[in-house]
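Written below as structure tokens is the structure these notes are about.
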Amino acid sequence: DLLKVLEEHESPTSPFATEARTNQPARWCLPELVCEVEYAEITRDGTLRHPTYRGLRTDVDPREATGEERRESARKAQEAAKRAAIAPVASENGEKAARVPSVLEVEGKRIKLTNLEKVLFPEDGYTKADLIRYYTEVSPFLVPWLRDRPLTLKPFPDGIHGTHFYQKNKPGFTPEWIKSWTDPREPENAYVLANDMATLVWMANYTAIEIHPRLARADDPEKPDNVMIDLDPAEGATWDDVKEVAHVVKAVLDDLGIVGFPKTTGSRGIHVLVPIARRYTFEESRAFALRVGQLARERLPKLVTLEFSKSKRRGIYIDYLQNTRAKSTAGPYSVRPIRRAPVSAPLRWDEIASLGRPDAFTMINMSARLDAVGDLLGPSLGLAQKLPKPPA
DNA sequence: GGGTTGC
DNA sequence: GCAACCCAACGCATA
DNA sequence: TATGCG
Ligand SMILES: [Mn+2]
Ligand SMILES: [Mn+2]
């Protein structure tokens, strides 16, 4: 039946302008039939992953069948359905839940807060109000760290499973009192600087769940004041593996006479921040991170990799390449857009061994932790360590 | 999220 | 007054 | 140049 139809349109040569990749020798037909195909994903080179034939579509004109419009409308319908699913439920009498914006006054700035009851973390039920509360709670610890660091924001206006994007240039509706800085190398981007609690509140209302601060401050963007040693578990690596490598990194730093400040990433890894004098280039700070990685690999070759290619990685990848001018990775106290709403939590070295899971500290319990351990990153702020001379 | 556009 | 549409990043590694 | 990576 299908074969018969196809044979009616058979062509001795391929109708494609470029040669098509085929798994087996192919018989061709002219592009005069339209069928529906279900697939998992479209790769960047435009091929379909896991395609499944779903039948002919005689109602579609072959000349119109680019697939583009249908793909777009399907994507939008799915997003609309997701949004409807997270909208605050109507009250019992059937009235629509109130959606009246409120105004919060913070440090003399009046901030309009919208959709406070919108659920941003559906598995946990956490709302935008929870996110705003969290960032106000950590602001005494977070603002000193963020001060004058250009930020890349990662908003999730429809919750952690919805559309998200990176944002360097502040949006057009940003209040005028929000401080920003334009990178001379990117004249189009006015980066937000979160130098006060009010700005954090505004960012949280914007659903900027994740905050990516630079490793250099705006007044000297070419000179980082921290090196980041990023421990990234490859597929299959465990939290115990991460902890073991962290301890080796600590030993390597000790040998070099350097102090590092560990934090959970909130996801699966650990970041170690090494505060340095603002006199080195990113090339130099990157070289230092690489050296730490190499020394760690010498001590623990089974578990440490510096391999860029993901498929070749085993164990823990020490991502020294994060040490570049405008990189973007979640900063300390940033919430992570995953189940449990974990945060990137500064740690004491002696806590790591007994820390049972990488996402132990969350948007909800972090405030209690800060009451208990205080400002673990504060001591790093003015610490202008010299990097050891690289070996010849 | 919020500004803009279109009914 | 609404709902739909639109926009919101980038540098560097490697083959 | 194209893709992988974060
Ligand atoms: Mn990482
Ligand atoms: Mn929206």
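Values in this document were obtained by computation on a predicted structure and should not be read as measured data.
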From [atom1] of [X] over to [atom2] of [N], roughly how many Å is that when rounded to an integer?
X: A/Arg286; N: D/dG6; atom1: CZ; atom2: C1'; value: 14 Å
X: A/His212; N: C/dG11; atom1: NE2; atom2: C1'; value: 15 Å
X: A/Arg83; N: B/dG1; atom1: CZ; atom2: P; value: 10 Å
X: A/Glu222; N: C/dG11; atom1: CD; atom2: C1'; value: 13 Å
X: A/Met228; N: D/dG6; atom1: CE; atom2: C1'; value: 11 Å
X: A/Leu306; N: D/dC5; atom1: CG; atom2: P; value: 16 Å
X: A/Leu113; N: B/dG1; atom1: CG; atom2: P; value: 11 Å
X: A/Phe165; N: C/dA8; atom1: CZ; atom2: P; value: 10 Å

Practice item. Write down the partner of C/dC5 under the Watson-Crick or G-U wobble criteria, each distance required to be under 3.5 Å. Key: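 Base partner found: B/dG3.
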Practice item. Under a 3.5 Å limit for both distances, which nucleotide forms a Watson-Crick or G-U wobble pair with D/dT1, could you say? Key: C/dA15
[X] side chain to [Y] main-chain N or O, any donor-acceptor pair under 3.5 Å?
X: A/Asp359; Y: A/Thr264; value: no
X: A/Arg149; Y: A/Trp145; value: yes
X: A/Glu107; Y: A/Ala198; value: yes

**Study point:** Aromatic ring of A/Tyr166 stacked on base six-ring of C/dA9, 5.5 Å, 30°
**Key:**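 Whether judged by distance or by angle, A/Tyr166 passes, so it stacks on the base of C/dA9.
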**Study point:** Rounded P spacing from C/dC10 to B/dG3 in Å
**Key:** 22 Å
Exercise for review: For C/dG11 versus B/dG1, give the span between their P atoms, rounded off to a whole number of Å.
Suggested key: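 It works out to 29 Å between them.
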Exercise for review: List for me each residue that meets side chain to side chain contact (heavy atoms under 4.5 Å, CB included) alongside A/Arg299, sequence neighbours excluded, and say none if there are none.
Suggested key: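 So A/Arg299 forms a side chain to side chain contact (heavy atoms under 4.5 Å, CB included) with A/Val248, A/Ala251, A/Val252, A/Asp255.
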Point to revise | For A/Asn169, side chain to side chain contact (heavy atoms under 4.5 Å, CB included) partners two or more places apart | key: A/Asn189, A/Ala190
Review point. Looking at A/Asn115, A/Thr207, A/Val335, A/Thr127, which hits side-chain contact (heavy atoms from CB on, under 4.5 Å) with A/Leu120?
Key: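 So the option named by the test is A/Thr207.
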Check your understanding: With no hydrogens and no angle check, do the side chains of A/Ser285 and A/Lys223 hold a donor and an acceptor under 3.5 Å apart?
Key -> no
Check your understanding: Can you name the side chain to side chain donor-acceptor pair (under 3.5 Å) partners of A/Arg217, sequence neighbours left out?
Key -> A/Asp225
Given [N], is OP1 or OP2 found less than 4.0 Å from the side-chain N or O atoms of [X]?
X: A/Asn115; N: B/dG1; answer: yes
X: A/Asn189; N: C/dA8; answer: no
X: A/Lys170; N: C/dA8; answer: no

Would you mind classifying the nucleic acid contact of [X] as base, sugar-phosphate or nothing, using non-hydrogen atoms under 4.0 angstrom?
X: A/Thr114; value: sugar-phosphate
X: A/Pro171; value: nothing
X: A/Lys128; value: sugar-phosphate

Distances under 3.5 Å only, N/O to N/O: pair up the protein atoms with those of nucleotides 5-7 of chain C.
none

**Study point:** Nonpolar side-chain network containing A/Val373, other nodes, edges under 4.5 Å
**Key:** A/Leu376
Point to revise | Minimum-distance nucleotide (side-chain atoms of A/Asp230 versus D/dG6, B/dG1, C/dA8) | key: D/dG6
Check your understanding: Looking at A/Lys302 and A/Glu244, does any basic side-chain N land under 4.0 Å from a carboxylate oxygen?
Key -> no
Check your understanding: Looking at residues 308-333 of chain A, who's got a heavy atom less than 4.0 Å off DNA chain D?
Key ->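 Nucleic-acid contacts, sorted: A/Phe308, A/Lys310, A/Arg313, A/Asp319, A/Gln322.
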